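Taking it in order: structure first as structure tokens, then the write-up.
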Amino acid sequence: MKALIIGSGGREQALAWKIGLSDMITHIYMAPGNGGSLPKCLNVPIGVTQFESIAQLIKEKEIELVIVGPEVPLVEGIVDFLQADPQLSHLHIVGPTKAGAELEGSKEFAKAFMLRHGIPTAKYRSFTSETLEEGLSYLREEERPPYVLKADGLAAGKGVVIPETLEEAEAEMKEMLGGKFGAAGATVVVESHLSGIECSVFVLTDGRDYMLLPTAKDYKRIGEGDTGLNTGGMGAVSPVPFVDDAFIQKVEERIIRPTIQGLHSEGIDYRGFIFFGLMNVAGDPYVIEYNCRMGDPETEAVMLRIKGDLVGSMLALKEQVLGQMEPLLEFDQVATTVVTVSKGYPEAYEKGYPITGLEGEATHDLQIFHMGTASQEEGVVTSGGRVLAISSMGDTIQEALDKAYHRLQGVHYEGITYRHDIGQDLLKL
Ligand code: AMP
Ligand code: GLY
């Protein structure tokens with residue numbers, strides 16, 4: 001069977017690597033892909049929102065399985081578009097419809113959804129430019145520092161601001177409603193601040209049942225010790241040590257099941273991944289955010305730990321028979337991912353620098369997934385802020401990290417930057 005993976009990051013490379021291990025998959029098209037070259041994979045120069053061209057490719061190449069990596073095409077309705085084509089009725093698609101993708105596409109929708117279905121999350125109110133004055137008095141009277149302000153729409157991971165003072169929070173609200181994030185910030189959600197440790201829980205759902213995937217923790221800040229600007233993610237560790245059976249049971253009872261039942265009861269067709277961004281507040285899980293896709297770089301760690309054939313589960317979505325599948329087995333080992341970035345990221349950075357040291361055989365427990373790279377005649381060059389994800393497995397977090405950092409010593413490009421403290425907070429728990 002031929003598959004198509006839509007997207008160009010490390011998440012898509014890790015998904016391609018994992019499904020490529022399956023005997024069921026013969027060819028994997030990556031649209032548009034990046035400089036990574038994995039077995040069975042071929043890049044096609046089609047962008048993630050070129051729906052017509054994607055549909056044409058599926059027909060031409062007789063693709064049977066489509067996995068949508070990033071949120072933008074999902075929020076723009078790629079699944080609805082493909083489902084509406086009578087010639088594609090045979091297609092297996094991993095990804096929710098536009099209505100389902102609203103869980104990520106609109107923070108206000110997500111908050112109201114959680115409220116309707118009794119799913120634990122921080123208290124909130126939302127405001128627009130018409131209700132700015134109300135918003136400012138809400139900040140003054142109802143909230144306390146630190147303040148949490150979120151642009152309603154997709155803002156490439158930059159739409160959440162956490163000011164420490166009321167003055168900053170007021171200024172931020174005015175700027176957001178004044179157009180700082182464009183249309184994404186036309187509505188601003190103000191949330192109460194939750195204190196705890198974050199973790200990510202992933203499921204694959206067919207809209208009725210779900211399958212838990214390995215948990216992971218992401219490292220969002222650019223600087224060591226979780227300092228500096230937010231990024232797309234600088235590293236990941238899977239599993240998360242504090243996510244024990246008791247905690248995951250609470251997550252399933254209070255969050256995962258009500259979410260899937262809620263989607264079903266609202267008539268929303270959701271067959272794909274759900275990423276629950278959670279805060280563990282003194283042992284109780286709260287939803288910080290939903291994403292309608294897998295996380296990046298979490299996927300680069302999570303895929304290493306899945307023992308079974310993920311393709312079988314993906315093919316169960318269409319007929320909603322996921323409940324008949326065996327749960328996915330996980331390797332007991334720990335997986336870690338260290339992300340390398342371009343100098344300057346997440347602010348302005350340069351690209352086009354040659355990358356050396358990528359050669360050498362990949363093993364199951366040590367992979368270099370390309371994130372922002374491009375393949376040129378002279379070789380692979382940097383082409384994004386986040387460049388490579390070095391993922392490795394070991395019996396302990398430290399052993400996995402040692403492998404990744406050791407491998408990294410042989411990889412070079414101008415301005416290579418990475419955090420040296422991925423996972424260190426978990427070692428202290
Ligand atoms: P989000 O894009 O919603 O994941 O938010 C980005 C980051 O902001 C999260 O990973 C958290 O670290 C932080 N954050 C978001 N909402 C809250 C909240 N209610 N309380 C504390 N931190 C939050
Ligand atoms: N690593 C966080 C995300 O993918 O949104």
Side-chain angles (χ1 to χ4, degrees), residues 7 9-12 14-15 69-72 74-75 101 103-111 114 120-126 143-164 169 172 176 181 184-185 188-202 213 215-222 226-238 240 273-281 284-303 337-339 341 346 369 371 385-386 389 391 419 422 425:
R11 164 185 48 216
E12 289 74 26
L15 286 165
E71 62 279 14
V72 169
L74 291 166
V75 171
L103 282 186
E104 175 165 3
S106 165
K107 303 226 183 244
E108 190 187 18
F109 173 85
K111 296 295 285 189
M114 288 185 264
T121 188
K123 184 179 106 176
Y124 84 106
R125 275 277 300 275
S126 46
E143 282 294 343
R144 274 176 311 201
Y147 301 88
V148 180
L149 278 74
K150 301 185 173 186
D152 174 57
L154 292 184
K158 300 192 175 73
V160 177
V161 188
I162 308 192
E164 288 293 334
E172 190 60 51
M176 280 175 138
F181 295 111
V188 168
V189 170
V190 178
E191 252 185 48
S192 299
H193 186 264
L194 297 172
S195 298
I197 319 181
E198 289 182 60
C199 63
S200 307
V201 171
F202 305 96
L213 304 180
T215 58
K217 184 177 189 299
D218 179 17
Y219 291 80
K220 288 203 164 87
R221 303 291 195 91
I222 187 71
D226 282 323
T227 54
L229 294 173
N230 254 326
T231 70
M234 297 295 291
V237 174
S238 173
V240 188
F273 294 109
I274 311 179
F275 163 159
F276 299 87
L278 304 178
M279 188 75 85
N280 176 345
V281 183
D284 287 318
Y286 287 80
V287 177
I288 297 243
E289 63 166 347
Y290 285 117
N291 292 309
C292 58
R293 50 163 177 96
M294 287 296 289
D296 192 354
E298 292 94 325
T299 308
E300 290 92 308
V302 162
M303 288 301 139
T337 296
V338 178
V339 171
V341 303
F369 294 118
M371 301 183 90
R386 293 192 295 170
S391 294
R419 276 179 61 168
I422 301 302
D425 56 332

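Quick caveat, the model's predicted, so the values are computed rather than measured. Residue numbers start at 1 and run along the sequence shown. We count ligands from 1, going down the list as the structure has it; atoms in each ligand are counted the same way. Only heavy atoms go into these numbers, but all of them, side chains included; no hydrogens, no water, no symmetry mates.
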Just how far is it from atom [atom1] of [X] to atom [atom2] of [Y], taken to the nearest 0.5 Å?
X    : Y    : atom1 : atom2 : result
M303 : F369 : CE    : CZ    : 9.0 Å
R293 : F275 : CZ    : CZ    : 6.0 Å
H193 : M279 : NE2   : CE    : 6.0 Å

> Among D218, T121, V160, which residue places a heavy atom closest to atom 8 (O) of ligand 1?
Replying inline: V160
> Name the residues in contact with ligand 2, where contact means a heavy atom under 4.0 Å away: which are they?
Replying inline: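 Within 4.0 Å of ligand 2, the protein residues are D218, G232, F275, N291, R293, G295, D296, P297, E298.
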> Relative to ligand 1, is V148 under 4.0 angstrom through side chain, backbone, both or neither, heavy atoms considered?
Replying inline: side chain
> Which bit of H193 gets closer than 4.0 Å to ligand 1, counting heavy atoms only: side chain, backbone, both or neither?
Replying inline: both
> Could a heavy atom of S192 be found less than 4.0 Å from some atom of ligand 1?
Replying inline: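 Yes; S192 lies near enough to ligand 1 that a heavy-atom distance drops under 4.0 Å.
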> Does N230, backbone or side chain, put an N or O under 3.5 Å from an N or O of ligand 1?
Replying inline: no
>> If I apply the N/O under 3.5 Å rule, does I162 come out as touching ligand 1?
In response: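 No.
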>> Between the side chains of K111 and E191, is the shortest nitrogen-to-carboxylate-oxygen separation below 4.0 Å, so that they form an ion pair?
In response: yes
> Does some side-chain heavy atom of L74 sit less than 4.5 Å from a side-chain heavy atom of E104?
Replying inline: no
>> Which residues pass the side-chain hydrogen bond (donor to acceptor under 3.5 Å, both in side chains) test with R419, not counting sequence neighbours?
In response: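 Only D226, D421 meet the side-chain hydrogen bond (donor to acceptor under 3.5 Å, both in side chains) criterion with R419.
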> With a cut-off of 4.0 Å, which atoms of ligand 1 are near a heavy atom of K150?
Replying inline: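 In order of number, 3 (O), 15 (C), 16 (N).
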